[in-house]
2 protein chains.
Amino acid sequence: MIGGTRASGARRTAGKGRSRRAEATRKSGDERWAELLQVAAKTFASKGYSATTLQGIANDLGMLKGSLYYYIRTKEDLLFEVIQAVLVLAEERLSERVPVDGPAVERLEALVREHVVFLIEHLTETTVYLHEADQLSPERRAELPVHGFIARLEGLVVEGQEDGTIRADVDPRMGALVILGSANWVYRWYRPEGDLAPEEIADEIARTCRRSVEA
Amino acid sequence: MIGGTRASGARRTAGKGRSRRAEATRKSGDERWAELLQVAAKTFASKGYSATTLQGIANDLGMLKGSLYYYIRTKEDLLFEVIQAVLVLAEERLSERVPVDGPAVERLEALVREHVVFLIEHLTETTVYLHEADQLSPERRAELPVHGFIARLEGLVVEGQEDGTIRADVDPRMGALVILGSANWVYRWYRPEGDLAPEEIADEIARTCRRSVEA
DNA sequence: TAGTCTACCAACCGATCGTTTGACAGATGG
DNA sequence: CCATCTGTCAAACGATCGGTTGGTAGACTA
């Protein structure tokens, strides 16, 4: 069996007291776990889940691949954990940064903007989610804490049609999907070297999306 | 070595004269090649390139995996051929169906509509292109007959700003990317069981994209 | 200081991967 | 009728895959 509470969704809750002294050779478990998630995310994002090798991840961490099983049970766990982490973070972010009142079209614009900013600021992890989530088994995928983002968009479109800020001839579902595409597609072309700041990009995209449905 | 002209971009040019009689047991090579491309595309689209096994493809075709090497040299070839085929087809389609004159914003709308229609009508192959093309080695990817679709969109935005049909405050590149995202995202959600016809979906998306940049 | 736990190593497992080779039945063409 | 070509089989190749097992040095706990 694996190290107790390890590898089961919620990981070790920061141990009791160990991180007092500087670790020369060994790394602490939580530190290592974070490194593992980070390396895994980077590798999944660049090569894809199936083309990623545990051997490669272990190499990047400077350990043997068998040692990874101290932290995980299966390779799929690793993908799951990476995605779960970013979903949780996104949920937090969007719930605290998007206004709950005002004209629907404005809230829509704000939601898209925050979504894009988050996407860019966590590009590696969001890439893994958007590009590799369907490599999870159906059972595992069902366990993901998905925040119904499309439903939220669709709801805002409907609200906007009620308060008159969004055109009545827009199909809510289609409109939401079009906007989602504009926003999510960012992960396919954004490069940090570009000359526009994440916020500028997010602003422009959000504004464009707004215009596409505004009354 | 492999069967001569086989497996090198341009495939056998339909053999000389064989397809006279009905083949009971054996299939003709060209027929088989088409089946192979089809099965490969379907498998790549559903499981991803790396998770696809030549064994699985061979099974679907009712042959042994070793026999596949009569048609291909490597697994990567198979991915390349699938993508190349759909790119060539798309190029033909878009060049014959999109008007070359009229207001730029109208040509933009038409281009998006035709793009989406094509995407849906060749969903399997376009999915392989959009989702798996980056599994090709850089060298192989460079050989793809890419039609500069983004550049074309961007050009239309610029034209539209010149002829006054598109807002001046739209960044051409960003506008093109947003539109491309809206259109390409279709491959992520379209299901044939849906109640909207491909043309209806394409119309709605194209109209929405138009509104997002129209003056 | 004795015992426990943490984080990892070393070695190995069976399965499966893409790919190669040699042979060969049947259709084709002279 | 004989030679050739086409499409496939049968069997094997080394490499590598995800995963398992048993051990253990060193830090921590009591």
Side-chain angles (χ1 to χ4, degrees), chain A residues 1-7 11-12 14-36 40 43-44 47-59 61-80 135 137, chain B residues 1-7 11-12 14-36 40 43-44 47-59 61-80 135 137:
Chain A
M1 208 210 285
I2 308 288
T5 54
R6 277 245 182 320
R11 287 194 42 77
R12 277 249 323 306
K16 303 197 173 171
R18 182 186 346 86
S19 56
R20 229 165 309 164
R21 192 117 14 142
E23 289 89 2
T25 52
R26 300 278 178 113
K27 302 275 189 90
S28 97
D30 299 319
E31 203 178 316
R32 214 53 164 156
W33 172 247
E35 281 184 65
L36 173 52
T43 315
F44 289 155
K47 310 160 81 118
Y49 170 72
S50 287
T52 294
T53 237
L54 291 181
Q55 179 74 259
I57 291 180
N59 287 346
L61 288 168
M63 54 166 66
L64 299 185
K65 70 167 176 177
S67 306
L68 293 177
Y69 287 84
Y70 176 72
Y71 298 92
I72 58 171
R73 275 177 313 190
T74 67
K75 183 188 176 188
E76 191 182 19
D77 276 358
L78 209 42
L79 177 58
F80 180 85
Q135 297 278 347
S137 68
Chain B
M1 208 211 287
I2 310 286
T5 55
R6 277 244 183 324
R11 287 195 42 78
R12 278 258 311 310
K16 302 197 173 175
R18 184 192 339 89
S19 55
R20 228 166 309 165
R21 192 120 9 148
E23 290 88 1
T25 53
R26 299 279 177 111
K27 302 273 188 94
S28 97
D30 298 319
E31 206 177 314
R32 213 56 164 153
W33 172 247
E35 281 184 67
L36 173 53
T43 315
F44 289 155
K47 311 161 81 114
Y49 170 72
S50 288
T52 293
T53 213
L54 291 181
Q55 178 74 54
I57 292 181
N59 287 347
L61 288 167
M63 54 166 68
L64 299 186
K65 67 171 175 173
S67 307
L68 293 177
Y69 286 82
Y70 177 72
Y71 299 92
I72 58 171
R73 276 176 312 187
T74 68
K75 183 189 176 188
E76 191 181 18
D77 276 359
L78 208 44
L79 177 58
F80 180 84
Q135 297 279 346
S137 67

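Per chain, numbering begins at 1; letters A, B, ... match sequence-line order.
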To the nearest angstrom, how far is [X] atom [atom1] from [N] atom [atom2]?
| X | N | atom1 | atom2 | result |
| --- | --- | --- | --- | --- |
| B:Asp77 | C:dG18 | CG | P | 14 Å |
| B:Asn59 | C:dG18 | CG | P | 12 Å |
| A:Glu31 | C:dT6 | CD | C1' | 14 Å |
| B:Met63 | D:dG7 | CE | C1' | 8 Å |
| A:Leu64 | D:dT20 | CG | P | 17 Å |
| B:Tyr70 | D:dA10 | OH | P | 18 Å |
| A:Asp30 | C:dC8 | CG | P | 12 Å |

*Go through the structure and list residues passing side chain to side chain donor-acceptor pair (under 3.5 Å) with A:Gln55, not counting sequence neighbours.*
none
*For B:Ser50, enumerate each residue passing the side chain to side chain donor-acceptor pair (under 3.5 Å) test, keeping only those at least two apart in sequence or located in another chain.*
B:Gln135
_Looking at B:Arg73, I'd like to know whether one of its side-chain N or O atoms comes within less than 4.0 Å of OP1 or OP2 on C:dT20._
no
*Does a side-chain N or O from A:Ser67 land closer than 4.0 Å to OP1 or OP2 of C:dC9, or not?*
yes
*Do any N or O atoms from the side chain of B:Tyr49 and from the backbone of B:Glu76 form a donor-acceptor pair under 3.5 angstrom?*
yes
_Backbone of B:Thr52 reached by a side-chain donor or acceptor of B:Lys75 within 3.5 Å_ = yes
*Quick one: which of C:dA7, D:dG7, D:dC9 gets closest to the side chain of B:Tyr71?*
D:dG7
Filtered N/O pairs between nucleotides 14-18 of chain D and protein, under 3.5 Å:
unit_1 : atom_1 : unit_2  : atom_2 : d
D:dC17 : OP1    : A:Thr53 : OG1    : 2.8
D:dC17 : O5'    : A:Thr53 : OG1    : 2.8
D:dG18 : OP1    : A:Thr52 : O      : 3.1
D:dG18 : OP1    : A:Lys75 : NZ     : 3.1
D:dG18 : OP2    : A:Leu54 : N      : 3.2
D:dG18 : N7     : A:Lys65 : NZ     : 2.6
D:dG18 : O6     : A:Lys65 : NZ     : 3.1

*Of the non-hydrogen atoms in A:Leu68 and A:Leu54, which two are nearest, and what is the gap between them?*
CD1-O, 3.4 Å
*Write down the atom of A:Arg32, the atom of A:Leu61, and the distance for their closest heavy-atom approach.*
NH2-O, 3.0 Å
*Going by heavy atoms in the side chains, are A:Met63 and A:Tyr70 under 4.5 Å from each other?*
no
*Contact class for A:Gly56 (heavy atom, under 4.0 Å): base, sugar-phosphate, or nothing?*
nothing
